[in-house]
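Below is one structure; the comments refer to it alone.
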Amino acid sequence: VTGAGLITGATPKISELGVQYQSRMPNSNMNRIYMESAKSLGLNPEDLGIPSRASTDFGNFSRLKPGIHPSFAIDGNPSIPGHSKEFASAANSNMAFENMLKAAAAMGSTGLNFLLDTKFRENVIKEFKSCSEPENT
């Protein structure tokens, strides 16, 4: 920042944003139904055991309402770094498009289950409300 200020003659000012991104709050009930739907559609989802707790705008949402944030394969090579030229190229493949459609259908199926299956909805909401993280109280 200082170098850019010197070059342009500007004085840099750094300030914090008012709302920070929060970590995602997982919901194992919703995740289970998504995984079952994804498998039935031909995807090969992997449960890594420990949910990602990365901070995103979805994390803020997940503090207000139950949700999941799954990902899906766009290429046969899981080592492609995100936000890279290789990732952009892989995302423009037929495999990525087909898997995106399947993942979207699995998400839709999960949402439909939430709307139509009373027991599932109750379990999702119960898990959401029982989360002990202070941001959810």
Side-chain angles (χ1 to χ4, degrees):
V1 174
T2 304
L6 291 172
I7 293 171
T8 62
T11 303
K13 179 181 175 186
I14 300 173
S15 57
E16 278 191 41
L17 297 174
V19 177
Q20 300 295 315
Y21 291 139
Q22 295 177 301
S23 62
R24 298 187 298 242
M25 186 181 312
N27 191 289
S28 63
N29 285 289
M30 290 182 89
N31 191 59
R32 178 181 46 81
I33 294 297
Y34 172 82
M35 298 283 275
E36 290 172 6
S37 296
K39 285 177 186 175
S40 74
L41 292 164
L43 290 176
N44 187 22
E46 236 181 89
D47 187 347
L48 302 177
I50 300 172
S52 170
R53 304 291 286 184
S55 299
T56 70
D57 55 349
F58 178 77
N60 295 48
F61 171 83
S62 72
R63 302 305 171 134
L64 304 173
K65 300 289 181 189
I68 56 174
H69 193 278
S71 58
F72 60 92
I74 61 169
D75 190 325
N77 181 359
S79 66
I80 297 174
H83 308 288
S84 66
K85 289 179 183 178
E86 296 83 7
F87 184 88
S89 177
N92 192 30
S93 69
N94 288 334
M95 179 185 180
F97 184 75
E98 291 298 319
N99 285 353
M100 179 270 306
L101 292 175
K102 291 174 184 177
M107 289 291 288
S109 177
T110 304
L112 190 59
N113 271 288
F114 183 83
L115 294 173
L116 299 178
D117 184 337
T118 304
K119 185 70 173 161
F120 172 60
R121 183 173 52 253
E122 288 171 353
N123 288 337
V124 166
I125 292 169
K126 182 180 177 183
E127 179 181 355
F128 175 74
K129 288 182 176 180
S130 71
C131 183
S132 63
E133 295 196 21
E135 292 94 340
N136 189 40
T137 57

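For the atom pair CD of Glu127 and CG of Asn31, the computed distance is 9.5 Å after rounding to the nearest 0.5 Å. Taken to the nearest 0.5 Å, the CD1 atom of Ile68 stands 11.0 Å off from the CZ atom of Arg24.
Without hydrogens or angle criteria, Ser62 side chain to Gly59 main chain gives a donor-acceptor distance under 3.5 Å. In this structure, the side chain of Ser109 does not engage the main chain of Ala105 through any donor-acceptor pair within 3.5 Å. Of the possible donor and acceptor atoms, one in the side chain of Asn60 sits under 3.5 Å from a partner among the backbone N and O of Gln20.
Listed by chain and number, the residues in a side chain to side chain donor-acceptor pair (under 3.5 Å) with Ser40 amount to none (sequence neighbours excluded). Among residues two or more places apart in sequence or in another chain, the side chain to side chain contact (heavy atoms under 4.5 Å, CB included) test is passed with Asn123 by Asn29, Lys119. Every side chain to side chain contact (heavy atoms under 4.5 Å, CB included) that Ile125 has, sequence neighbours left out, goes to Phe114, Arg121, Lys129. Checked against side chain to side chain contact (heavy atoms under 4.5 Å, CB included), Asn99 has the following partners two or more places apart in sequence or in another chain: Leu43, Phe72, Ala73, Met95, Lys102. The side chain to side chain contact (heavy atoms under 4.5 Å, CB included) search around Phe61 returns Phe58, Lys65, not counting sequence neighbours.
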Worksheet entry | Trace of the side-chain hydrogen bond (donor to acceptor under 3.5 Å, both in side chains) decision for Arg63 with Ser23 | CA-CA 9 Å; Arg63 302 305 171 134; Ser23 62; 2.8 Å; yes
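When all heavy atoms of Phe120 and Arg32 are compared, the pair lying nearest together is CD1-NH2, 4.5 Å. Of all the heavy atoms in Tyr34 and Ser71, the pair that sits closest is OH-O, 4.3 Å. Nearest heavy-atom pair, Glu46 versus Met35, reported as atom, atom and distance to 0.1 Å: C-CE, 3.7 Å.
Pairs engaging residues 69-97 under the salt bridge (Lys or Arg N to Asp or Glu O under 4.0 Å) rule: none recorded [sequence neighbours left out].
Looking at Lys39 and Pro45, their side chains come closer than 4.5 Å, going by heavy atoms from C-beta outward.
With Ile33 as the fixed residue, the side-chain contact (heavy atoms from CB on, under 4.5 Å) test singles out one of Leu112, Asn27, Asn113, Val124: Asn113.
With hydrophobic clusters built from ILVMFWY side chains whose heavy atoms lie under 4.5 angstrom apart, Phe97 shares a cluster with Ile80.
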Going by atom type alone, with no hydrogens or angles, which donor-acceptor pairs under 3.5 Å involve a side-chain atom of residues 87-94 and a protein atom two or more places apart or on another chain?
unit_1	atom_1	unit_2	atom_2	d
Ser93	OG	Ile74	O	3.4
Ser93	OG	Ala90	O	2.8
Ser93	OG	Ala96	N	3.1

